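For reference, the structure is listed below as C-alpha cells.
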Protein chains: 2
Amino acid sequence: MSNAPFAAVLHLLRAHSLLEERFAGELASIHGLALKDALLLMHLARAPLTRLSRVDLAKRLNASPSTITRTCLPLEKLGLVGREDDQRDARLSYVVLTDAGRARVAEAEATLRQKSADLFSDRWSEAEIATLADLLGRLTAGQPGRLS
Amino acid sequence: MSNAPFAAVLHLLRAHSLLEERFAGELASIHGLALKDALLLMHLARAPLTRLSRVDLAKRLNASPSTITRTCLPLEKLGLVGREDDQRDARLSYVVLTDAGRARVAEAEATLRQKSADLFSDRWSEAEIATLADLLGRLTAGQPGRLS
DNA sequence: CCAATATTATTCCGAATGCAAGCATATATA
DNA sequence: TATATATGCTTGCATTCGGAATAATATTGG
C-alpha cells in the first residue's frame, strides 16, 4: 500500500496551520479583517452584482448559515457590506459589497498575494509553485466555492 | 507578477475545508475521536516513550497549552492517555499513551489512511500524489509538528 | 384554492478555542 | 544564598462556531 495519500493529507493539515499562523495576524492588524472575513468579501467581489445570498455564501465558505449571519454583522457595522432584499422572494436577503468593502477587500487581497509570494520565496521555482497550485486545484475540482 | 502562489494558498484553504468535511464525521462515528484528538494521539504514538509534555504537544498541534489541557481531559477519562510526572522537573506532566490509546489510534489511523486513499482514487496517478505530498512537505519543512 | 413540504434567515444553546492571569517550580544572576 | 526571571500547566473569561428550533415565505400536489 502506498503511503503518499496519507502523507499528502497530513502535510496539508500541517500546511494549513502554517497559513493560519502566518496570515491571520497581519491581516487583522493591517486591515482589521479576519481571514474568514477576507474570504467572504473576496467571494462577494467575484460574484455577479457583487452580491450573494447567505446560503450561497455558506456553501462557498463551508460554513453554517448561522455563521454567515454573525460574520456579516460586524462587516455591516463597518459599512463593508450591505443588505439587498430580493424583489421576487422575500426570504432572501443578499449580502452586497459596498464601495468601501470593494476597496477594503482589494487592499486585503494585495496583502494576501504578497504574503503568499513570501511563503514560497525560498527554494521554490515558479514551476513548482504552479504544480502545487494545480494539484491542489484538482483536489477541490467540482467543489463549490472555488476562489481564483 | 505571478498568480501561482496566491492560487496555491487559496486552493490549499479550500482543500483543507474539504478534508475536514470528509474526515471528521466518519472518524467521530467510527472511533469516537475528533480529528484533532486523532492527531494528538498520533503525535504521542510517534514520540519516544509514547509521551510528550503539554507544551510540546501544543507546539506540534499549533494549539495553545490550555487547549491541550482541555483536549486531554476526555481522552484521560476514556483511558486513552495517562499522566506521568517528571522526576527532575515537577512542573512537567507528560501525556502518555496507554495500551488502549495505542490500539485506538492504530484503528483511527487505518481509517485515515483509507479515506486519504479514497480522496485520490479518481484521476490521480501515483506520481502526482507523491508530488503533492512532497511539495506540501517542503512547505512545512523545518516546522515543528511534522507527522509522517 | 388549500395543505404539505421546502427554503431562507435568525436566534438559542452547548462545545471549543485563545488570551490573560495565577500558581508552582526551575533557572539565572547578583 | 536570595532575588529576579523564565517555564509548565491550569482556570476564568470572552469569542466563535455548528446544530436544533423557530419564523417567514415559497413551492408543490391534490
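Numbered from 1 within each chain, the chains take letters A, B, ... in sequence-line order. Keep in mind that this is a model prediction, so the values were computed, not measured.
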Side chain A:His16, main chain B:His16, donor-acceptor under 3.5 Å |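 No: the side chain of A:His16 does not pair with the backbone of B:His16.
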Short question: side chain of B:Thr50, backbone of B:Ala45 - any donor-acceptor pair under 3.5 Å?
->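 The answer is no, because no donor-acceptor pair under 3.5 Å joins these two groups.
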In terms of side-chain heavy atoms, does [X] have a donor or acceptor partner in [Y] at a distance below 3.5 Å?
X	Y	answer
A:Glu26	A:Thr111	no
A:His11	B:Thr140	no
B:Asn62	A:Glu20	no
A:Ser93	A:Glu84	no

Does B:Ser66 make a side-chain donor-acceptor contact with the base of C:dC19, cut-off 3.5 Å?
->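 Yes, the side chain and the base share a sub-3.5 Å donor-acceptor pair.
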Taking DNA chain C as the partner, which of [range] come within under 4.0 angstrom of it by heavy atom?
range	answer
residues 35-63 of chain A	A:Ser53, A:Arg54, A:Val55
residues 21-32 of chain A	none
residues 68-94 of chain A	A:Thr69, A:Arg70, A:Arg83, A:Arg91, A:Leu92, A:Ser93

Do A:Val95 and A:Leu75 have side-chain heavy atoms sitting under 4.5 Å apart?
->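 A:Val95 does not reach A:Leu75 side chain to side chain.
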Between [Y] and [X], does any NZ, NE, NH1 or NH2 come within less than 4.0 Å of an OD or OE carboxylate oxygen?
X	Y	value
A:Lys59	A:Asp56	no
A:Arg102	A:Asp99	yes
A:Glu128	A:Arg123	no

